[in-house]
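Working notes, structure below.
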Amino acid sequence: MGEFTINTEGVPFNLRYTLESGQSFRWQERGEWWVGVLGHGVVKLKQEGAALVCVSSSDALDSHALYDYLGLGSDLERILASIMKDGKITEAVQKFYGLRILKQDVWECLLSFAIATNSNIPRIRGMVSNLCNRLGDAVDFEGNAYSLFPTADRVAQAELPDLAACGLGYRAKFVKSIAESVSLGRVNLDELRLHDYAKARELLIEDLPERKTLMGIGPKVADCVLLFSCDKDSAFPIDVWVARVLDGNYPHLFEGDLKERLASAVSGKTSLSLATYDRLSASARAYFGEFAGYAQQYLFHYERMKD
DNA sequence: TCCCAGGCTCAAC
DNA sequence: GTTGAGCATGGG
């Protein structure tokens, strides 16, 4: 509870780039502050030179929790040096230097990116906000009301029409199904980070004979969850924006038919099959290395912000 | 009005 | 295993 400061002297960090890069959908800019709901509390942040000024609503949301959430423990300088393999990525890194990969709550990340499919960031923010306001517990901060991200149990208990009323469209049934799976313990989200990338990914997109474990979770969403909430820094999610960057700047990374399949997907003639997605992602990971996820995030943000 | 969006599922080859 | 339609909706 209260105000404190995190010293980021000598540590590359840009709060705006980090919060605006489409990793998390709940931060809002209010004047000179960024306000967000984390866990069971609310926090507002302001970057002033080497000082990150924080005002928190709860004791649990302290400097250690924020330091961890913001990924400040990662050696970003070394990470960025390792991914700058060419002019394009170097340009993106220089332009958005200090953008960090957040370490988000797995459940919130999973459901948010399930909701994010075939949509756009402004609208995703709206859908997630509606879901929280409708189903999440209320919490007060500086006289204003905020909503916590709803638990899996709460979402699982919600009626389909209530979910649809959040503007989720056809995603409503996936949201309910995912919440039920998590609520029933068909998948243990907390243990994902303990597995390696391949194993954790397998658990997320597992398709058992009787039923798929998480309906609506495919390779792209799984990669986002692994990168943004399970410490898998090599995960390389490929959405339409990243596919565009790869096709426009990195066609040489892909052999023969793969290059053509990518171009075809970018032009909208076909879509990426599961196998093609995996081959593309594997090639990108091989090229950028163990921190390929950072490269992906810089390229994604660069592509979205250009012009 | 039309196109597009941090894709995925399902049926039909 | 691969492919193509269909999906709900709102922002631009």
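Here is how names work: the chains are called A, B, and so on, in the same order as the sequence lines, proteins then strands, and each is numbered from 1.
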Output side-chain donor-acceptor pairs under 3.5 Å for residues 68-78 of chain A, partner residues at least two apart or in another chain, one line each.
{"residue": "A:Y69", "atom": "OH", "partner": "A:W27", "partner atom": "NE1", "Å": "3.0"}
{"residue": "A:D75", "atom": "OD1", "partner": "A:R78", "partner atom": "N", "Å": "3.3"}

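For the pair A:K269 NZ and C:dT3 C1', the interatomic distance rounds to 16 Å; values are reported in whole Å. Per the geometry, CG belonging to A:L274 stands 12 Å off P belonging to C:dT3, to the nearest Å. Rounding to whole angstrom units, CG of residue A:D278 and C1' of C:dG1 are separated by 13 Å.
Among the atoms of the strands shown, none is found under 4.0 Å from any heavy atom of A:A114. No contact: A:Y277 has no heavy atom under 4.0 Å from any strand. Here A:R244 lies in heavy-atom contact (under 4.0 Å) with sugar-phosphate atoms only.
For C:dA8 and B:dC10, the P atoms lie 12 Å apart once the distance is rounded to whole Å.
Sequence order on DNA chain B of the closest nucleotides to A:F228 and A:L214 puts A:F228 first from the 5' end. Heavy-atom distances to DNA chain B give each of A:F174 and A:W241 a nearest nucleotide, and the one nearer the 5′ end belongs to A:W241.
A:L45 is not connected to A:V35 by any chain of hydrophobic side-chain contacts under 4.5 Å among Ile, Leu, Val, Met, Phe, Trp and Tyr, and they are in different clusters.
Counting 5' to 3', DNA chain B first comes under 4.0 angstrom of a heavy atom of chain A and last does so at the ends given by B:dA5 to B:dC10.
Proximity of a side-chain donor or acceptor of A:R100 to a complementary backbone N or O of A:P12 within less than 3.5 Å is detected.
Between A:F25 and A:M127 there is no side-chain heavy-atom pair separated by less than 4.5 Å.
In this structure, of C:dT9, C:dG4, C:dC7, it is C:dC7 that holds the atom nearest to the side chain of A:Y170.
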